Structures are given as structure tokens and as C-alpha cells.
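We use all heavy atoms of the structure for the numbers below, so side chains are in, but hydrogens, waters and symmetry mates are not. Predicted, not measured: the structure shown is a model, and the values here were computed from it. Position 1 is the first residue of the sequence; numbering continues from there.
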Amino acid sequence: MKVLGATPTRNLALELARVTEAGAMMAGRFMGRGDKEGADQAAVNAMRLILSTVDMNGIIVIGEGEKDKAPMLFNGEIVGNGSQPDVDVAVDPIDGTRPLAFGRSNSLATVAVSPRGTMFDPGPFVYMNKIAVGPESKGKIDIEKPITENLKAVAKAKNKDIEDLTTIILDRPRHDDMVAEIRKAGARIRLIPDGDVAAALMTAWPDSGVDVLIGIGGTPEGVIAACALRAMGGEIQGKLYAQDENELQRGRDAGYDFDKVITMDDLVSSEDVFFAATGITDGELLKGVRYYGDHITTDTLVVRGLTGTVRQIIATHTTDKLENLSLIRY
């Protein structure tokens, strides 16, 4: 696929790993302390600092804090050191702020990059109905079909019975009817409090035990997940979701189509994507940050779309050396 703007030919994801590692190491100090905004601010400060050193001319297209009024890297902010390539940047400093605040699993620091002009911009409409699957089920799902039909298609693609499938869905009242249909179909259900970037990635992670993500979650998270799933061989589809009639009308007046199926190509229209995620708390994907006084360990997933390469980086960071080189006290 032809990409827009300057082509990022080197593996920016390896540089982005430094960004998510910094965010995770700072945010991890807040595990279980009940301070979501404090954790967000710590992650944002660290990620902004390291982003400024990356060889790119980036514009924040997805600044996740806008949805929940948290501290954020704001939409339109320029990041990187100003050199080529020109890129779009999507960032969620903490995917799963509540799990982090209450010491629960699957909290991640995430960032994604693609050539300039290739990321979907949802504007102020930050929720979408989504379905995501791993490589075996790519091309088999259709968000416009009933959930049961999609479950049958996924089961067939994975050579399983529906009863063997595990679906993952945010634990929200808006999903009561979906949960009832999944139960009627006979599939297993895993309800999660937050963190649907991690949930989408689990569908493409062989050892996670998750087969399909279903339900209404964040559009920003959908864009970020699409960048990762491109390289991991999975698929995500969505439709914008209006929270009420007023939002629906405002969206239509602004030219947004709430009936249109948003494909992975719509979410990020280039294969030349980069994604990094570092575990903050322990989860099926990644281990959380560990603190040992004189050093810190991190577990990071690094993905490059152009080559389909997925790396897992276990890093040991020497605390005093880090602090001698950085403005951040880890």
C-alpha cells in the first residue's frame, strides 16, 4: 500500500519502546494508590520528555486524555525532534487507569506512529462499537452481522466449538444485551473494567486465551489497537457510537457517518505503522513494572507493521544512571 508523506523506513518502534518504558516506570509508582490523575500526569510527563528526543516530526492525532479530561498529550501537539519522517502519533499514556489505580491487571503505556495523514481522526466522537480478532479469524468477521453469527465464524476459523471461545468485553451496563446474546450462544465471557487496547491485542496473542473482543469502547483505543493488529495479523472493525441524540446530531452535522463500517484501513491507512506497549501492572500480555531499589525491570511489546515483526523486550534499567541522564526521577 502506498503511504502518505515521508516513509519511515527505519524501525521507529524500537525508539518508541523508550517512550512507553518511561511512562510505565513513572506510572507504576501509583499502582493501587487510587490516584488516576496523578498516575496519568506522571506518565504524560515522562512520555512527552522522551518523545521530544525521537527522530521524527510528529503530530498528536489521538491524545487519549481528551476523552476523560485526564492530563494528556493534546491533539495537534508537535512531538519529536523535528527531523524526518513526518508522522501521525496516537498515544494512550495509561490504557487502564482504573486497573492501575486499584492495583489490578492489564494496565499498559502505549504509543503508535504512522506516516502523516494516515490515522483516523474521530474528532470529539470518542466511542465506537468494535469487534477485533486474531490472525486465524481475519476476514471472517462483520460488525453488521449479529454477534452469534460472528462467534460461529470465529469458531469455524479457529476449528473450535462456540463453547470453546472466550470473548472479552468491557463490564458496562450498555453491554447487558450483548452479554446476554453471547451467553445464549454458549461462548465464554471475560468481563474487564477497562483497558480495551490490551483486550484487542489479546485476540492476536497466542497465549492470552482470548478469541474475540466485542463491544463499545474508545475510538482512540481502536486506532491504537489497529496499528498493532496490522503487524500482528489480526483485524478490527468498528462503527462510531453516539452517547445520546444530541451527540448523534452534532456528529452528523460535522459530517461523521455513524452507520459506516470503519475498517482497519480506515483506522490506519498504511502498513508502515509502529506500535509499542509496556506493561504497568501484570497481565496476560506483559508483566508489570518491577522496582528493586537500584534497578527497574520492564516488559515491552514492539511491533513494526511493514515487516510484521513483533518483539518482546525485557529490559533492566539502572536507576542512578537513568536519573543522571534524565530530568525524571524514576
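- Here CG of Leu100 is found 9.5 Å from CG of Asp35. Values are rounded to the nearest 0.5 Å.
- Sequence neighbours left out, the pairs with a member in residues 163-185 that pass salt bridge (Lys or Arg N to Asp or Glu O under 4.0 Å) are Arg172-Asp194.
- Using a 4.5 Å cut-off on side-chain heavy atoms (C-beta onward), Ile141 and Gln237 make contact.
- Closest heavy-atom contact between Pro85 and Leu12: CG-CD1, 4.2 Å.
- Put simply, the side chain of Leu191 reaches to within 4.5 Å of the side chain of Ile169, judged on heavy atoms.
- Ile78 and Val111 are assigned to two separate hydrophobic clusters, defined by single-linkage of ILVMFWY side chains at heavy-atom distances under 4.5 Å.
- Using a 4.5 Å heavy-atom threshold, the side chains of Phe74 and Ile60 count as separate.
- To the nearest 0.5 Å, the span separating CG on Asn106 from CD1 on Ile192 amounts to 7.5 Å.
- To the nearest 0.5 Å, the span separating CD1 on Ile214 from CD1 on Ile147 amounts to 5.0 Å.
- Between the side chains of Asp86 and Gln84, at least one donor-acceptor pair of N or O atoms lies under 3.5 Å.
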Worksheet item: Can you list the steps and then say if Ile50 with Thr53 is a side-chain contact (heavy atoms from CB on, under 4.5 Å)?
Response: CA-CA 5 Å; Ile50 305 303; Thr53 72; 4.1 Å; yes
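- Using a 4.5 Å heavy-atom cutoff, the side chains of Arg98 and Pro193 are not in contact.
- For the residue pair Thr203 and Leu213, the shortest heavy atom distance occurs at CG2-N, 3.6 Å.
- Within the structure, the salt bridge (Lys or Arg N to Asp or Glu O under 4.0 Å) test picks out the following pairs touching residues 135-149 (sequence neighbours left out): Glu144-Lys239.
- Grouping the Ile, Leu, Val, Met, Phe, Trp and Tyr side chains by contacts below 4.5 angstrom, directly or via other members, places Leu51 apart from Ile59.
- Judged as a ring-ring contact (aromatic ring centres under 6.0 Å, His included), not a single pair has a partner in residues 128-147 (not counting sequence neighbours).
- Under the 3.5 Å distance criterion, with hydrogens and angles disregarded, no donor-acceptor pair is assigned to the side chains of Thr281 and Ser107.
- The two residues Ala276 and Thr20 have their closest heavy-atom pair at O-CG2, 3.4 Å.
- Heavy atoms from other residues, nucleotides or ligands lying under 6.0 Å from CD of Gln312 number more than 12.
- For residues 123-134, the pairs satisfying salt bridge (Lys or Arg N to Asp or Glu O under 4.0 Å) are Lys130-Asp196, with sequence neighbours left out.
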Return a table of donor-acceptor pairs under 3.5 angstrom between the side chains of residues 251-260 and protein atoms on other chains or two or more places apart.
{"from": "Asp253", "atom 1": "OD1", "to": "Gln249", "atom 2": "NE2", "distance (Å)": "2.9"}
{"from": "Tyr256", "atom 1": "OH", "to": "Asp121", "atom 2": "O", "distance (Å)": "3.4"}
{"from": "Tyr256", "atom 1": "OH", "to": "Pro122", "atom 2": "O", "distance (Å)": "3.4"}
{"from": "Tyr256", "atom 1": "OH", "to": "Gly123", "atom 2": "N", "distance (Å)": "3.3"}
{"from": "Asp257", "atom 1": "OD1", "to": "Asp259", "atom 2": "N", "distance (Å)": "2.9"}
{"from": "Asp257", "atom 1": "OD1", "to": "Lys260", "atom 2": "N", "distance (Å)": "3.3"}
{"from": "Lys260", "atom 1": "NZ", "to": "Asp266", "atom 2": "OD2", "distance (Å)": "2.9"}

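- Here the CG-NE2 distance, from Leu322 to His295, works out to 12.0 Å after rounding to the nearest 0.5 Å.
- Between the side chain of Thr297 and the main chain of Ala315, no donor-acceptor pair closer than 3.5 Å is present.
- Under the rule for a ring pair (Phe, Tyr, Trp, His ring centres under 6.0 Å), Phe102 has no partner lying at least two apart in sequence or in another chain.
- Between the side chains of Thr309 and Arg304, not a single donor N or O lies within less than 3.5 Å of an accepting N or O.
- Taking a 6.0 Å sphere around CG of Asn159, one finds it holds 12 or fewer heavy atoms contributed by other residues, nucleotides or ligands.
- By the 4.5 Å heavy-atom criterion applied to side chains, Ile280 and Met31 are not counted as neighbours.
- The minimum heavy-atom distance between Gly195 and Leu170, with the atom names listed, is N-CD2, 4.3 Å.
- Separation of atoms CD1 (Ile94) and NZ (Lys36) is listed at 10.5 Å; rounding is to 0.5 Å.
- Legend: residues meeting ring pair (Phe, Tyr, Trp, His ring centres under 6.0 Å) with His317, ordered by chain and number and at least two apart, are absent.
- Listed by chain and number, the residues in a ring pair (Phe, Tyr, Trp, His ring centres under 6.0 Å) with Tyr241 amount to none (sequence neighbours excluded).
- In terms of hydrophobic clustering, with Ile, Leu, Val, Met, Phe, Trp and Tyr side chains grouped at heavy-atom distances under 4.5 Å, Ile262 and Leu248 are assigned to a common cluster.
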Discussion item. Run the side-chain contact (heavy atoms from CB on, under 4.5 Å) test on Ile216 and Met178 for me, step by step, so that the C-alpha distance in whole Å, both residues' side-chain angles and the decisive distance to 0.1 Å come before the verdict.
Written reply: CA-CA 10 Å; Ile216 298 159; Met178 293 184 187; 4.3 Å; yes
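- Cluster partners of Ile313 are Leu14, Val302, counting Ile, Leu, Val, Met, Phe, Trp and Tyr whose side-chain heavy atoms approach within less than 4.5 Å, directly or via other members.
- Sorted by first and then second residue, the ring-ring contact (aromatic ring centres under 6.0 Å, His included) pairs with a member in residues 168-193 form an empty list; sequence neighbours excluded.
- In this structure, Thr319 contributes its side chain and Asp294 its backbone to a donor-acceptor pair below 3.5 Å.
- Residue Leu286 is grouped with residue Val197 when hydrophobic side chains (ILVMFWY) are merged at heavy-atom distances under 4.5 angstrom, including chains of intermediate members.
- In Lys160, the NZ atom is crowded: over 12 heavy atoms of neighbouring residues, nucleotides or ligands sit closer than 6.0 Å.
- Annotation: side chain of Val79 is in contact with side chain of Met56 (closest heavy-atom distance under 4.5 Å).
- For the atom pair CD of Glu21 and OG1 of Thr298, the computed distance is 4.0 Å after rounding to the nearest 0.5 Å.
- The cluster map of Ile, Leu, Val, Met, Phe, Trp and Tyr, joined by side-chain heavy atoms under 4.5 Å apart, puts Phe30 and Val91 in different clusters.
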Practice prompt. Please test Trp205 against Val310 for side-chain contact (heavy atoms from CB on, under 4.5 Å), starting from the C-alpha separation and ending with a verdict.
Written response: CA-CA 10 Å; Trp205 196 251; Val310 180; 4.2 Å; yes
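- Between Ala228 and Leu201, the closest heavy-atom pair is CB-CD1, 3.9 Å.
- Taking every heavy atom of both residues into account, Thr148 and Ala185 meet most closely at OG1-CB, 3.9 Å.
- Checked by atom type and distance alone, the side chain of Arg116 pairs as donor or acceptor with a backbone atom of Asn57 at under 3.5 Å.
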Item to complete: For Ser83 and Asn81, run side-chain hydrogen bond (donor to acceptor under 3.5 Å, both in side chains): C-alpha distance rounded to whole Å, both residues' side-chain angles, the deciding distance at 0.1 Å, then the answer.
Response: CA-CA 6 Å; Ser83 62; Asn81 64 11; 2.7 Å; yes
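- A heavy-atom distance below 4.5 Å is not found between the side chains of Val87 and Thr118.
- For Ala231, the side-chain contact (heavy atoms from CB on, under 4.5 Å) test picks out Val303, with sequence neighbours left out.
- Within the structure, the salt bridge (Lys or Arg N to Asp or Glu O under 4.0 Å) test picks out the following pairs touching residues 277-291 (sequence neighbours left out): Arg190-Glu284, Asp282-Arg290.
- A heavy-atom distance below 4.5 Å is found between the side chains of Leu108 and Leu285.
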Discussion item. Run the side-chain contact (heavy atoms from CB on, under 4.5 Å) test on Glu15 and Val19 for me, step by step, so that the C-alpha distance in whole Å, both residues' side-chain angles and the decisive distance to 0.1 Å come before the verdict.
Written reply: CA-CA 7 Å; Glu15 297 183 55; Val19 176; over 6 Å; no
